[in-house]
Number of protein chains: 2
Amino acid sequence: MWPTVSSDGVAAGEDQSLERPFGHDIDPRKLFAWAGVTASWPNRTEPGGTRGLDDYLTRDFSHNIGAEIMGRNKFGPQRGPWRDDEWRGWWGDEPPFHMPVFVLTHHKRASITLSDTTFHFVDGDPATVLAQAREAAQGMDVRLGGGVTTVRAFLDADLVDTLHVAVSPVTFGSGLRLWNSPEQLLDRFHLEVVPSPSGVAHHLFWRK
Amino acid sequence: MWPTVSSDGVAAGEDQSLERPFGHDIDPRKLFAWAGVTASWPNRTEPGGTRGLDDYLTRDFSHNIGAEIMGRNKFGPQRGPWRDDEWRGWWGDEPPFHMPVFVLTHHKRASITLSDTTFHFVDGDPATVLAQAREAAQGMDVRLGGGVTTVRAFLDADLVDTLHVAVSPVTFGSGLRLWNSPEQLLDRFHLEVVPSPSGVAHHLFWRK
């Protein structure tokens, strides 16, 4: 998940499905338009793209990252025990991670490797999973890839050092919220809000 | 050179010396204070540092860079033929480049290797030197490391794809200028000006 929420803090709908990975009310193209027009957007198929502020933040997304932790709902729309091991994520045979990925789930499943990405399915509290990911990252940083429920769990456990959230100039009204207001984090984090000409406001948090 | 100029466009004084690498009127600590307080500042000796916008731009400085081109005046205060091969740059035995560096000079000198940095001394027009650096960069980008005379020469030859200049809230009045006004570049470049809470205005240019 790209770290983007609407101006009312919503990152995804509650009714995720195979057809609408972000829920039926949320069009991810609206949320991610700011990143999609940059030169560094990983899914870019034609040359070109902007090289301004949004591009710096888009290409920084993978800078010095050695492992990712993601929630099960980012990996796929299924719930409960893994009935269908055929599901190998949204991303086809060449996932855009190129590193070990730890998928949070209460249900056992063997690791799978697709190209240079290996998905490990892990059950455990945030601190335990972070320790596993940190070891896999071999000295590089661990990225918390989302979704919003996962980010909130790690924030609640006070395991987040830095956080970049792009707040898009759209409102969704209902859905899964990262926050009611970014001010909720100010007791523990410094915050810089950097408005981009694209209309997105980049919220850059780091631990006090 | 960190890509920083004063609000009146000055990047260095005209009377560079061993004691004052930026000329006697220019205190580099003033120009580079914005980068020096970030977590990613390469010369940082203690932990900590800010992790906001300035930090993103500081750490991007080396992102995907495979070779640097620098003017002779960045390499050292000497002029004319190399009388003293003892001079091996300002940076000691472990220069912070970690890549091939092409030093522009009209005077012959053999390449020198210090740790994982090799300095090549090259004479040629900007296009020729860029072709050499591009080959050495092995598919990564070439950074134009400064000083200001070198950057201007490559801009004049229309060989610059992107340019990041941090404009500091200080004025120097006289000295070597990158520009009279950033508007001089708008015929060929897009420009985003992103003010940082530190007081620096990041000027991000990319080719139209």
Side-chain angles (χ1 to χ4, degrees), chain A residues 2-3 34-35 37-42 44 47-66 98 139-144 160-167 182 185-186 188-208, chain B residues 2-3 34-35 37-42 44 47-66 98 139-144 160-167 182 185-186 188-208:
Chain A
W2 226 255
W34 70 272
V37 299
T38 67
S40 300
W41 177 243
R44 170 166 292 284
T50 64
R51 304 291 301 260
L53 173 66
D54 293 343
D55 189 55
Y56 279 79
L57 288 154
T58 298
R59 67 183 187 243
D60 191 81
F61 188 64
S62 296
H63 180 71
N64 198 41
I65 300 294
H98 318 294
M140 290 195 283
D141 293 330
V142 173
R143 178 174 64 211
L144 203 50
V160 176
D161 291 325
T162 66
L163 183 67
H164 163 224
V165 180
V167 178
L185 297 176
L186 296 189
R188 291 182 285 149
F189 290 92
H190 299 280
L191 168 62
E192 274 185 22
V193 180
V194 185
S196 165
S198 65
V200 166
H202 294 288
H203 285 54
L204 309 175
F205 298 88
W206 68 102
R207 190 189 283 278
K208 278 185 179 168
Chain B
W2 225 255
W34 69 272
V37 299
T38 66
S40 300
W41 177 242
R44 171 166 293 283
T50 63
R51 304 291 302 262
L53 174 66
D54 292 342
D55 189 57
Y56 279 79
L57 288 153
T58 298
R59 69 184 187 240
D60 192 80
F61 188 64
S62 296
H63 181 71
N64 198 41
I65 300 295
H98 319 293
M140 290 194 284
D141 294 330
V142 173
R143 179 174 63 210
L144 204 51
V160 176
D161 292 323
T162 66
L163 184 66
H164 164 223
V165 181
V167 179
L185 297 176
L186 296 189
R188 290 181 286 147
F189 290 92
H190 299 280
L191 169 61
E192 273 184 23
V193 180
V194 184
S196 165
S198 65
V200 166
H202 295 288
H203 285 52
L204 310 175
F205 299 87
W206 68 102
R207 190 189 283 279
K208 279 183 178 170

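Computed from a prediction, not measured in an experiment: that's the story for all the values here.
Atom-to-atom distance recorded for B/Glu192:CD and A/Asp55:CG is 9.5 Å, nearest 0.5 angstrom. Separation of atoms NE2 (A/His202) and CG (B/Leu53) is listed at 9.0 Å; rounding is to 0.5 Å.
The candidate with the highest count of non-hydrogen atom pairs below 4.5 Å against chain B, out of A/Thr162, A/Leu191, A/Asp60, A/Val194, is A/Asp60. Most heavy-atom pairs under 4.5 Å with chain A: of the set B/Asn64, B/Val193, B/Asp161, B/Leu204, this distinction falls to B/Leu204.
Residue A/His190 does not touch chain B at all, counting heavy-atom pairs closer than 4.5 Å.
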(message) Would A/His63 and B/Tyr56 count as a side chain to side chain contact (heavy atoms under 4.5 Å, CB included) here? Give the steps.
(response) CA-CA 10 Å; A/His63 180 71; B/Tyr56 279 79; over 6 Å; no
